[in-house]
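What follows is a single structure, written as structure tokens, with notes after it.
Everything quoted here is computed from the prediction, not taken from an experiment.
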Amino acid sequence: MEPKQILKEAEALSNKLTERRRCLHKRPEVGFDLAQTTAYVKSELNKIGCTPADCGKAGVTVSIGGKRPGKVFLLRADMDALPIREESGEAFSSENENMHACGHDLHTAMLLGAAELLKAHEDEINGTVKLMFQPSEETLEGANDMIGAGVLENPKVDAALMIHVISAMPLPAGTVVVCGGGVSAPGADFFSIKISGKGCHGSMPNKGVDPINAAAHIVTALQTVSARELSVSQDAVLTFGSIHGGNAPNIIPDSVELTGSLRTYDEEVRNFVKKRLTEIVSGIASTLRAEAEVSFDKECPVLENDAQLAHSTAVYVKELLGSEKAFSQEELSSPSGSKKSGNSLGSEDFSFVSRRVPSIMLSLAAGEPQKGFVHPQHHPKVMFDESVLPAGSAVYAYTAMRWLEDREKGE
């Protein structure tokens, strides 16, 4: 398969890819509630000549190839949006209270394009390419749900790839950055803390146990874990996103609830901070005569990229796009040589796939600040450069076919 031919075929799909993306963008759905989205994806796959299957609560999967013996390569796109009211001003803006503010509509459109390219070259595929259209990435639950439903089996997956578009990225639109071996997205732990005290009149605090006072001490104390218990080479970000307690200025409430998140790039650091969080919360609450309960509501490990797959993918993407539009993470590293240069700061539940099969994450620049794409992901005004859609489809399809070809050769 010639890379120039795949690019030419992908460019020929440009209008169709844009139409698909805008259709998805107008009617975004969140979490596992993707009835319209999955129906649309399956309809488009049927038009291509594929036979999609439901997988888990709201996932869709389809296999292409299999006419020649070989390995199985998985391509993943997430489909869910965010509960954000859109303010982008685009002519095809969301028609409901949700928004594709993270670019998942582009991911889905690009993977549909890849399906079309792969179907056209099905006789050339040395093995099988499996497509994974995933729900609920934003809640970090969809990948695990599809894994539990067997997405990595029948046929058994040997390697996997994901692409994420990035707006407001200071690289020409269509530039691809291939993450290096090792961690490229932090683990995430969402937690809640319930502090129980004893309510009383605000004029007589000695008659009660103040959970607000305990909460204030806990919030402050937990920030010292990063400052005083981790070394300069260890990273952790602990954020409190909500505090709820009380409803009057002169009443000490019975309880306070806090929620927050923890992001780490290292599993040992992750486990250490979680342990210290529990110990500190318990210790401070006890010292101030209150009781506290910590629960970790959602957990997502770090995303580990396979070093060999990262190297191969960088070669394939350069073959396809040229050295001016394709870079390895190392080539874009900071002058200090930081191994974390180019890493995502947001967590990614593709990490659950990466813990089971060799995996790789790619970033696709989809909007330069100097061209008006100034807002980041998850912002109500974020916009994406749709000109990157053909390149994304081509990268999906070409990388899968080239990897399978190399495995057939024994490389």
Side-chain angles (χ1 to χ4, degrees), residues 1 6 38 41-79 107-108 110-137 141-163 303-306 308-310 312-313 316 348-362 392-411:
M1 177 181 58
I6 286 292
T38 55
V41 167
K42 288 188 284 188
S43 174
E44 292 300 298
L45 288 170
N46 282 321
K47 291 176 185 177
I48 294 167
C50 296
T51 306
D54 294 328
C55 183
K57 295 178 183 177
V60 177
T61 184
V62 67
S63 294
I64 301 174
K67 296 183 178 182
R68 297 183 182 184
K71 300 285 188 179
V72 179
F73 195 90
L74 181 140
L75 301 172
R76 181 271 216 164
D78 33 17
M79 303 183 290
H107 301 168
T108 302
M110 292 189 305
L111 193 54
L112 286 171
E116 200 155 353
L117 295 171
L118 290 164
K119 197 65 180 174
H121 293 270
E122 191 166 26
D123 292 340
E124 304 168 41
I125 299 174
N126 294 289
T128 302
V129 182
K130 182 179 280 191
L131 310 186
M132 176 183 178
F133 293 90
Q134 182 202 308
S136 207
E137 188 280 329
E141 297 172 294
N144 238 357
D145 179 71
M146 290 188 73
I147 291 169
V151 72
L152 300 181
E153 307 297 332
N154 300 317
K156 184 175 175 60
V157 171
D158 297 292
L161 174 148
M162 65 158 284
I163 298 176
L303 198 164
E304 290 272 0
N305 293 286
D306 180 78
Q308 184 175 355
L309 181 57
S312 298
T313 302
Y316 305 151
E348 169 56 71
D349 79 344
F350 185 70
S351 60
F352 288 109
V353 175
S354 79
R355 292 172 75 87
R356 291 166 173 80
V357 300
S359 301
I360 185 65
M361 174 181 178
L362 278 61
S393 292
V395 169
Y396 267 136
Y398 184 76
T399 302
M401 291 188 69
R402 278 288 285 113
W403 187 87
L404 291 170
E405 180 185 2
D406 278 354
R407 300 292 80 70
E408 179 68 16
K409 295 175 181 177
E411 296 180 8

Plane angle bin for Y316 and Y398 - parallel if under 30°, tilted between 30 and 60°, otherwise perpendicular: perpendicular
Derivation of the side chain to side chain contact (heavy atoms under 4.5 Å, CB included) call for T399 and I360: CA-CA 11 Å; T399 302; I360 185 65; 6.0 Å; no
Spacing of CG belonging to N305 relative to OG1 belonging to T313, to within rounding of 0.5 Å: 9.0 Å
Closest heavy-atom pair and its distance - L161, I163: CD2-CG1, 3.9 Å
Closest contact, heavy atoms only, A160 versus V357: CB-CG2, 4.0 Å
pair I6-H121: side-chain heavy atoms closer than 4.5 Å: yes
Gap separating the CD atom of E122 from the CZ atom of R68, nearest 0.5 angstrom: 11.5 Å
Heavy-atom closest pair, residues E124 and M401: CB-CE, 3.9 Å
Donor-acceptor contact below 3.5 Å, side chain R407 vs main chain W403: yes
Trace of the side chain to side chain contact (heavy atoms under 4.5 Å, CB included) decision for L117 with Y396: CA-CA 9 Å; L117 295 171; Y396 267 136; over 6 Å; no
Over 12 foreign heavy atoms within 6.0 Å of NZ, K71: no
Main-chain N/O of G56 paired with D145 side-chain donor or acceptor, under 3.5 Å: no
Residues F350, L303; criterion side chain to side chain contact (heavy atoms under 4.5 Å, CB included); working and verdict: CA-CA 7 Å; F350 185 70; L303 198 164; 4.0 Å; yes
K47 side, atom NZ; K42 side, atom NZ - distance, nearest 0.5 Å: 14.5 Å
Heavy-atom side-chain proximity of D406 to R402 below 4.5 angstrom: yes
Approximate separation, where rounding is to 0.5 Å, of L75 CG and H107 NE2: 13.0 Å
Closest approach of P52 to V60 (non-hydrogen atoms, all atoms of both residues): CB-CG1, 3.9 Å
Contact summary for S393 and M110, nearest pair of heavy atoms: OG-O, 2.8 Å
Quiz: residues 152-159 side-chain donor-acceptor pairs under 3.5 angstrom, not counting sequence neighbours:
from	atom 1	to	atom 2	distance (Å)
D158	OD2	V72	N	2.8

Minimum-distance pair of heavy atoms, taken over all atoms of G127 and L404: C-CD1, 4.4 Å
Pairwise side-chain contact, V353 with M146, heavy-atom cut-off 4.5 Å (strictly under): no
L111 side chain reached by F133 side chain, heavy atoms, under 4.5 Å: yes
Test log, rule side chain to side chain contact (heavy atoms under 4.5 Å, CB included), inputs D349 and E141: CA-CA 7 Å; D349 79 344; E141 297 172 294; 5.6 Å; no
Nearest-0.5 Å distance, CZ of residue F73 to CG of residue L309: 5.5 Å
Reported CG-to-OG1 distance for the pair D54 and T61, which is rounded to 0.5 angstrom: 10.5 Å
